[in-house]
Amino acid sequence: MSISADYHLHSSFSGDSDAPMESMIQKGMELGLARMCFTEHMDFEFPISDISPAGIFEVNLDSYLYDLLTYREKYRDRIRILFGLELGLQAHLAPLQAACAASKPFDFIIGSSHLCAGKDPYQPYFWEGRSEEEALREYFSSIIENLETFTDFDIYGHLDYVVRYAPQQDKDYCYEKYADLFEHILDLLLENGIGLEINTGGLGYGLREANPCAAILRRYREKGGEIITVGSDAHKPQDLCRFFGRAEEILKDCGFRYYTVFENRTPYFEKL
């Protein structure tokens, strides 16, 4: 496997992980990674529920950066540790998102849609009272709204993340059914120099494909897109680099010959 960088990682600085950062780094070194980019969660105004108390997805950036720099120095001769963020996007929060993106010297920022109209697709209420297609169309339309209001991030994370939690997951899901929305999304990404990631985390949820599906990746490449990062979305050490061999096969099949790493918000290309 030629991929030696995992650019979507969470540690105990994210509210949905208990993994100490150092344990993640040690596993990355064991796997032979050259680079690891932590991308802790920052989701403003995440709805409060029994499973998501207030502020659960708002990382303490000062503490996070302090520990990351400590481990970067400790392991500097063995692996490169990068400072990233997974910024949850909502169109009405664009000013707050802009301030956050400019607040620290990030190496890399993922923009992700974990919410749609303030609702969490993980929760059953998101899907109730309408068809699965109607819910998916609302979610993909919200990505267009996000891109029309805020673009200070580097790649759009797990673009079709929502299918992880759909009642039928991706059983009846396909690019063609939502092509009108995806074409608009991909055009906005390309116009603003924003790339995509291939996120292998969805495969761990039993999906047929990674996020996004291969048809989206192929269409992005056909349109001239080249910026593509690879992330496991690991929240515990044993999930680092999961399905990366499959990710490499998918990328090559979609026409990519390089994958992307970032440092100081600048993309660099590594051969597949």
Side-chain angles (χ1 to χ4, degrees), residues 1-44 46 55-88 97 99-112 114 152-155 157-158 195 197-201 204 227-245 247 259-270:
M1 184 180 72
S2 62
I3 298 170
S4 62
D6 194 332
Y7 263 64
H8 194 141
L9 297 171
H10 299 280
S11 74
S12 56
F13 282 104
S14 289
D16 53 357
S17 172
D18 296 321
M21 182 179 285
E22 189 166 23
S23 73
M24 299 288 282
I25 294 169
Q26 290 170 342
K27 183 62 175 181
M29 293 188 296
E30 178 186 321
L31 292 169
L33 288 178
R35 293 167 176 263
M36 296 175 65
C37 187
F38 287 90
T39 53
E40 309 293 5
H41 285 296
M42 184 66 87
D43 266 86
F44 299 110
F46 202 91
I56 185 173
F57 294 122
E58 296 182 26
V59 60
N60 182 321
L61 288 174
D62 291 325
S63 296
Y64 167 33
L65 179 57
Y66 179 87
D67 275 21
L68 185 138
L69 292 177
T70 298
Y71 293 126
R72 175 183 288 179
E73 177 60 24
K74 180 176 180 178
Y75 295 107
R76 63 187 176 88
D77 294 328
R78 300 181 61 187
I79 193 169
R80 183 69 174 147
I81 306 299
L82 287 308
F83 179 45
L85 190 71
E86 184 176 14
L87 186 56
Q97 293 161 184
C100 180
S103 68
K104 299 292 181 186
F106 295 108
D107 287 299
F108 176 60
I109 298 176
I110 299 173
S112 290
H114 297 126
D152 189 13
F153 57 98
D154 302 306
I155 61 101
H158 43 49
E197 77 164 341
I198 179 168
N199 183 303
T200 60
I227 298 174
I228 186 85
T229 60
V230 186
S232 65
D233 212 344
H235 290 66
K236 49 191 177 182
Q238 57 264 44
D239 288 338
L240 262 80
C241 302
R242 58 181 171 175
F243 303 109
F244 270 25
Y259 69 99
T260 314
V261 297
F262 277 82
E263 193 159 342
N264 297 320
R265 305 288 307 277
T266 301
Y268 301 92
F269 295 90
E270 301 282 345

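A quick note: this is a predicted structure, and the numbers were derived from the prediction, not measured. Counting from 1, the numbers follow the sequence of the chain as shown.
- At distances below 3.5 Å, not a single donor-acceptor pair connects side-chain atoms of Asp233 with backbone N or O atoms of Asn199.
- The two residues Leu65 and Pro105 have their closest heavy-atom pair at CD2-CD, 4.3 Å.
- In terms of heavy-atom proximity, Phe13 sits nearest to Val59 at O-CG2, 3.6 Å.
- Looking at Ile109 and Cys100, their side chains never come closer than 4.5 Å, going by heavy atoms from C-beta outward.
- In this structure, CD1 in Ile155 is found 6.5 Å from OG in Ser112, a value given to the nearest 0.5 Å.
- Atom-to-atom distance recorded for Arg265:CZ and Asp154:CG is 4.0 Å, nearest 0.5 angstrom.
- By the salt bridge (Lys or Arg N to Asp or Glu O under 4.0 Å) test, Lys236 pairs with no residue at all, sequence neighbours left out.
- The shortest side-chain heavy-atom distance between Val230 and Phe244 falls under the 4.5 Å cut-off.
- Using a 4.5 Å heavy-atom cutoff, the side chains of Leu68 and Ile81 are in contact.
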Item to complete: Take Leu87 and Phe44 through the test side chain to side chain contact (heavy atoms under 4.5 Å, CB included) and record every step on the way to the result.
Response: CA-CA 9 Å; Leu87 186 56; Phe44 299 110; 4.1 Å; yes

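- Residues Glu58 and His41 bring no donor and acceptor atom of their side chains to less than 3.5 Å of each other.
- A distance-only check finds no donor-acceptor pair linking the side chain of Ser14 to the backbone of Asp16 [under 3.5 Å].
- A side-chain donor-acceptor contact under 3.5 Å links Asn60 to the backbone of Ser63.
- Using a 4.5 Å heavy-atom threshold, the side chains of Met36 and Leu9 count as touching.
- Separating the OH atom in Tyr71 from the CD atom in Glu22 is a distance of 4.5 Å, to the nearest 0.5 Å.
- Side-chain contact between Phe57 and Met42: absent, with no pair of heavy atoms (C-beta onward) separated by less than 4.5 Å.
- To the nearest 0.5 angstrom, Cys37 atom SG is 7.0 Å from Ile110 atom CD1.
- Among all heavy-atom pairs drawn from Leu33 and Cys241, the shortest one is CD2-SG, 3.6 Å.
- With no hydrogens or angles considered, a side-chain donor-acceptor pair links Ser11 and Glu40 at under 3.5 Å.
- Contact of the Thr229 side chain with the Pro267 side chain is not registered, since no non-hydrogen atoms from C-beta on lie closer than 4.5 Å.
- Salt-bridge annotation for Asp6 and Arg242: absent, with no side-chain N of the basic residue lying under 4.0 Å from a carboxylate O of the acidic one.
- Between the side chain of Ser17 and the backbone N or O of His235 there is at least one donor-acceptor pair closer than 3.5 Å.
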Practice prompt. Show your working on ring pair (Phe, Tyr, Trp, His ring centres under 6.0 Å) between Tyr7 and Phe262 and close with a plain yes or no.
Written response: CA-CA 9 Å; Tyr7 263 64; Phe262 277 82; 7.1 Å; no

Practice prompt. Could you please spell out the steps behind the side-chain hydrogen bond (donor to acceptor under 3.5 Å, both in side chains) verdict for His8 and Glu197?
Written response: CA-CA 9 Å; His8 194 141; Glu197 77 164 341; 3.2 Å; yes

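- In this structure a side-chain-to-backbone donor-acceptor pair under 3.5 Å is missing from Tyr75 to Thr70.
- Under the 30°/60° scheme for interplanar angles, the aromatic rings of Phe83 and Phe106 are found to lie parallel.
- Between Asp107 and Arg72 there is a salt bridge, since at least one side-chain N of the basic residue sits less than 4.0 Å from a carboxylate O of the acidic one.
- In this structure, the separation between CD1 on Ile79 and CD on Gln26 is 11.0 Å, given to the nearest 0.5 Å.
- One distance of note links CZ of Arg76 with CD of Glu73; it measures 4.5 Å at 0.5 Å rounding.
- In this structure the side chain of Phe108 reaches within 4.5 angstrom of the side chain of Thr39, judged on heavy atoms.
- A donor-acceptor contact shorter than 3.5 Å is absent between the side chain of Ser232 and the backbone of Thr200.
- Here the side chains of Tyr259 and Ile198 are not in contact, with every heavy-atom distance at 4.5 Å or above.
- What you find for Gly88 and Asp43 is that their closest heavy atoms are CA-OD2, 3.3 Å.
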